[in-house]
Amino acid sequence: MKKKLSFNQTLLVGSLLFGLYFGAGNLIFPIELGQNSGNNLYKVVLGFIVSGVGLPLLGVVASAISKNDSLFEMGKTVSNKFAFIFTTALYLTIGPFFAIPRTSTVAFEVGIASNVSQDKIKIFLLIFSLIFFLTVLAFALKPGKIMDNIGKILTPTFLILLSVLVVLALIKPMGGLGENQPIEKYGNNPLFVGILDGYNTMDALASLAFAIIIISSIRKLGVKDSNQVAIETLKSGIICLIAMSTVYVSLAFMSSSSVNIMEIGNNGGIILSNISFHYLGNFGKILLAAIVIIACLKTAIGLIIACSEIFIEMYPNSLSYKTYAITFTLISFLIANLGLQNIISLSIPVLMYMYPLAIVLIFLSLLYTLIGKNKLIFSLTIGFTAIFSIFDFLRALPENISNLNFIQSIIEFAVKNLPGFNLGFGWVIPGLVGFILAIIICIIKKDQIKQINL
């Protein structure tokens, strides 16, 4: 039995973690905020890294520290019912109902669509997504090789291709950084807006989903002790954190300097396409297509594997891994071609509701050495957070629903009475109240304290 991973193995797991996280959205969002944040660039990027990199790292580490190999196990600390409902909702949302179809459509729109006439877009999307998902499925049906396929092949290839653009931007900068005025969104509270922008990557939610892959990979490399697994997860996570932060900063700074030679765009894919063309002409389009397709491919593979493995864990007597993988791939293919925009508009409110629950679950799990798996603390804290996150859910609904009078009155109540609601953090104080109340109850009823160390 190995006590710890070698440096090369730690690097490999870090590469796998980076590869699972970094999809096309991770390329596009920092590009958009780079141009749009103007002279608030540094504050926005810092906020983006906090939620887009810091939270995902904490999510995987929390699973390892709390000795939970999956989100399902972590959720059981609250209750079995919560574990089933929350885990199923999260995996379906960041899996076949939203994130996986998005990998295909974003790859097509950024890498292919600009070269296709409008009247042929649908048929080309159909052909592209068919090839894309057949490739994803071929990799996903070999989950035991995910570390080699993503960690050794796809991630290094992606980074090498992306570095071509980044190096060109460093050698021949397009201008200074943050020289334009920020758009209205980034004019006030840029740090908090940057944090909320980091939600868009969905990586904090994905960290809970990918934990099952990372922890399993570390165990397969010979580390069996739970405490050492947590340490190795942290070490690999730090490598991933450094890599992701470096790429995010590079993309945002490159995009910020681009305002000196081109108009501000409202689409990260278009901005990145313009930058590629600026440096490399038509070859830049080919390079960008390769970068985006590889980025999307590796994330889609990871999500199919994670979804299939967790459903096997939750429903062990139902379908086989292969059947789940094929089913999730087929659903993703259909949604990618049959109305992804509608799915996106419906998924955003679900994400805004689940994100606070995921964040609270992560932080409670990080406190494992202090509170263990104390059901009262987990249940009250999650319960308070779940109730007050409903306000964020209602505000994020499509306008034709959120503008209804009774929903508007509920939102207005939250604006007036929930500190931090306008910044997207109206759930924080209620969550803290639930946590403190649970601690007080545990202190008063000492006979009920089983796993809390105060």
Side-chain angles (χ1 to χ4, degrees), residues 18-36 45 48 52 99-118 120-121 124-125 127-129 131-133 135-136 150 153-175 200-201 243-244 246-301 336 340:
F18 176 92
L20 292 173
Y21 282 143
F22 214 95
N26 304 73
L27 273 173
I28 290 171
F29 296 131
I31 287 287
E32 290 179 0
L33 67 82
Q35 278 201 350
N36 295 331
V45 170
F48 187 83
I100 300 176
R102 189 178 73 173
T103 59
S104 171
T105 55
V106 170
F108 176 77
E109 288 173 7
V110 176
I112 307 294
S114 60
N115 302 307
V116 178
S117 60
Q118 196 60 37
K120 296 180 180 178
I121 284 288
F124 271 84
L125 173 60
I127 295 170
F128 174 84
S129 58
I131 296 171
F132 180 89
F133 282 116
T135 306
V136 168
I150 294 183
I153 302 172
L154 292 178
T155 296
T157 303
F158 165 78
L159 288 173
I160 290 169
L161 294 175
L162 182 62
S163 66
V164 173
L165 280 181
V166 173
V167 170
L168 285 172
L170 288 173
I171 296 173
K172 298 171 60 179
M174 292 169 277
N200 290 328
T201 66
M244 289 183 72
T246 301
V247 173
Y248 281 148
V249 170
S250 301
L251 290 171
F253 284 10
M254 179 172 66
S255 176
S256 177
S257 69
S258 71
V259 299
N260 297 283
I261 64 164
M262 64 183 70
E263 294 183 3
I264 294 178
N266 58 4
N267 181 293
I270 294 173
I271 298 168
L272 194 55
S273 177
N274 290 337
I275 293 173
S276 302
F277 185 78
H278 168 74
Y279 282 117
L280 297 167
N282 288 327
F283 177 74
K285 293 184 177 181
I286 299 172
L287 176 66
L288 179 60
I291 290 171
V292 174
I293 290 171
I294 292 174
C296 291
L297 199 63
K298 54 189 178 54
T299 298
I301 294 167
L340 180 63

For V259, which residues count as a side chain to side chain contact (heavy atoms under 4.5 Å, CB included) partner, sequence neighbours excluded?
Q35, N180, I264
Looking only at heavy atoms, the pair that brings L27 and A295 closest together is CD1-CB, 4.3 Å
Once side chain to side chain donor-acceptor pair (under 3.5 Å) is applied, what residue pairs with a partner in residues 246-255 remain, sequence neighbours excluded?
N26-Y248
Who passes side chain to side chain contact (heavy atoms under 4.5 Å, CB included) against S273, sequence neighbours left out?
L288
By ring pair (Phe, Tyr, Trp, His ring centres under 6.0 Å), which residues pair with F253, not counting sequence neighbours?
Y42
For the side chain of S104 and the backbone of P101, is there at least one donor-acceptor N/O pair under 3.5 Å apart?
no
List in chain and number order the residues that pass side chain to side chain contact (heavy atoms under 4.5 Å, CB included) with K120, two or more places apart in sequence or in another chain; answer none if no residue qualifies.
V116, S117, I123, F124
Any chance you could measure L287, atom CG, to L162, atom CG, to the nearest 0.5 Å?
8.5 Å
I'd like to check the side chain to side chain contact (heavy atoms under 4.5 Å, CB included) partners of L154; sequence neighbours left out, ordered by chain and number.
I150, I294, K298, I301
Closest heavy-atom contact between A252 and L33?
CB-CD1, 4.2 Å
Without swapping roles, check the side chain of N260 against the backbone of S257 for a donor-acceptor pair under 3.5 Å.
yes
Nearest atoms (heavy-atom pairs only) where M254 meets I275:
SD-CG2, 4.1 Å
